[in-house]
**Q** 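The structure follows.
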Amino acid sequence: MCGILGILAKGPVNQSLYDGLLVLQHRGQDAAGILTSDGNKVHLRKDNGLVRDVFQHQHMLALKGHMGIGHVRYPTAGCDSPAEAQPFYVNSPFGLALAHNGNLTNSETLKDELFREDLRHINTESDSEILLNVFAHELQAVAKLTLSPDHLFRAVAAVHRRCRGAYAVTMLIAGVGILAYRDPYGIRPLVFGKRETDQGAEYIFASESVALDVLGYDLVRDVAPGEAIFVDINGQVHAQQCAEKPVLAPCIFEFVYFARPDSMIDGVYVHKTRLRMGERLAAKIKRSWADHDIDVVIPIPDTSRTAALQMAYELDIPYREGFIKNRYIGRTFIMPGQAERKKSVRQKLNAIDVEFRGKNVLLVDDSIVRGTTSKQIIQMAREAGAKNVFFASAAPPVRFPNVYGIDMPSVNELIGNGRSEDEIAAAIGADRLIYQDLSDLLEAAREGNPRIQSFDASCFNGQYITGDVNKAYLDRIEQARCDLAKSTRSGSAGYDHVNAEVMTFPR
């Protein structure tokens, strides 16, 4: 999962891109990058690390120009080198840069085609570089010396025909404008905004609407699945549907975990969705456990707070904050390696024992992936004096890998794989475990926008919306995602390290 930005303004965009990436930092903590254009040149800074660490004063001064794109990376399998950081840039045709959120499911086939047929060389293991080169090749096939919106839309249409999987993209065309487009299923989010200034209109694209709020832009709308929107250097907006059969099927895990609660995605308020998730989970407890003896509802910060608060209200049970979070520790879901995750949980959370001592506690989390974190938190609750520890998940059991940009662990490392709910409860040490029903989760999101035809819920039901994911592909990512493979990669010292200082490229 990644966060992307694209801004075309009347003045320098470096500070706005930096501020926007800070707001999207929750979508990726592994690497960050900004590329700007002043008309004749592009300027790039990218490296591994948090936004605040990657960009220093001298870097910001060098990021000149009135338009630019930005990226924060949460790596999928194989991405651990600074060379994989985005944006990516190719100088032909025109000078193109790309920031991508998602994952291509046919990247190996595309890489072979690019080499054998398109005569293009791929220098990293990133599918985002492949996506950029596919677009560059298709644009070169249709473009003239003077680039028109139609040329760009024809290139995007060719990308849709060739590429499979999930992709939300912002692109900078040096001296020409900003282009944004979304895969034909709209799996990954992308919004379009505008603000009026004394000098004229300014435009933004972002993964989540919260970036628009912070930067003072008005939300115009979501980029539709399969659609491309191009804002030229003069501020003219051009939009066209470029896919033959677009279907809106956003990733349900955005609403469960990744998106900020103050964002709106595809017309759905994330905060309200999580409230409805809490309502439905409380209703399930009333149906299946009417004689419960829960004394207090305690969320596992931060994503589950909204659902837990609504559950407590619906059940008429006190809501309490029982864990204090150290906000300087990264998301454990994102951390590679079991040992590092185990260590970080104790550093990340500390129990307030007075809220647990002698009570039957219902802990609420957004989801259970490996179960490692859940097990440790339940143990912390017991050590704090809880009499019984019940556990509720606002999402159904995660039983299948996600292939559309969320680097979930190997299927054999998913605690929901091959276990019943009672077996999962025993494995994490809970006295009772309550999962959200998938139908209730989907309706909680769909209620915000009834026009959504379906959701990608593949990590819960194993049904991959693009229809091209087979056992061979799943076996391949299984080998890449297991903790052993990740520790082997991270322990090797042989990867190429790019010069990640500001780079200036002539047009």
**Q** Can you tell whether the side chains of Arg164 and Asp468 come within less than 4.0 Å, N to carboxylate O?
**A**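 No, Arg164 and Asp468 are not salt-bridged.
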
**Q** Under a 4.5 Å cut-off applied to non-hydrogen side-chain atoms, are Tyr404 and Val469 in contact?
**A**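 SC-SC contact between Tyr404 and Val469 confirmed.
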
**Q** Start with the C-alpha distance between Cys163 and Leu110, add both sets of side-chain angles, then the distance that settles side chain to side chain contact (heavy atoms under 4.5 Å, CB included), and finish with yes or no.
**A** CA-CA 8 Å; Cys163 297; Leu110 289 169; 3.8 Å; yes

**Q** Do the charged groups of Arg446 and Glu443 touch, with an N to O distance under 4.0 Å?
**A**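 Salt bridge flag = yes for Glu443 with Arg446.
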
**Q** Under 6.0 Å between the ring centres of Tyr464 and Phe400?
**A**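 No, the ring of Tyr464 stays outside the 6.0 Å limit from the ring of Phe400, centre to centre.
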
**Q** Under 4.0 Å between a side-chain nitrogen and a carboxylate oxygen: does that hold for Asp118 and Arg162?
**A**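 Yes, this pair counts.
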
**Q** Counting C-beta onward and ignoring hydrogens, is there a side-chain heavy-atom pair between Arg260 and Val210 closer than 4.5 Å?
**A**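 In short, these two side chains touch, coming nearer than 4.5 Å.
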
**Q** Looking at Phe88, does the NZ or CZ of Lys46 lie under 6.0 angstrom from its six-membered ring centre and within 45 degrees of the ring axis?
**A**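 Satisfied, under 6.0 Å and within 45°.
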
**Q** Could you please spell out the steps behind the side chain to side chain donor-acceptor pair (under 3.5 Å) verdict for Gln479 and Asp475?
**A** CA-CA 7 Å; Gln479 295 301 314; Asp475 288 344; over 6 Å; no

**Q** Apply the test salt bridge (Lys or Arg N to Asp or Glu O under 4.0 Å) to residues Glu227 and Arg221: give CA-CA distance (whole Å), side-chain angles for both, the deciding distance (0.1 Å), then the verdict.
**A** CA-CA 12 Å; Glu227 183 185 28; Arg221 61 182 177 87; 2.7 Å; yes

**Q** Could you tell me whether Asp302 and Lys325 make a salt bridge, using a distance below 4.0 angstrom between a side-chain N and a carboxylate O?
**A**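 Yes, Asp302 and Lys325 are salt-bridged.
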
**Q** May I ask you to decide whether Glu138 forms a salt bridge with Arg161, counting only side-chain N to carboxylate O separations under 4.0 Å?
**A**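 Not counted as a salt bridge, because no side-chain N and carboxylate O are separated by less than 4.0 Å.
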
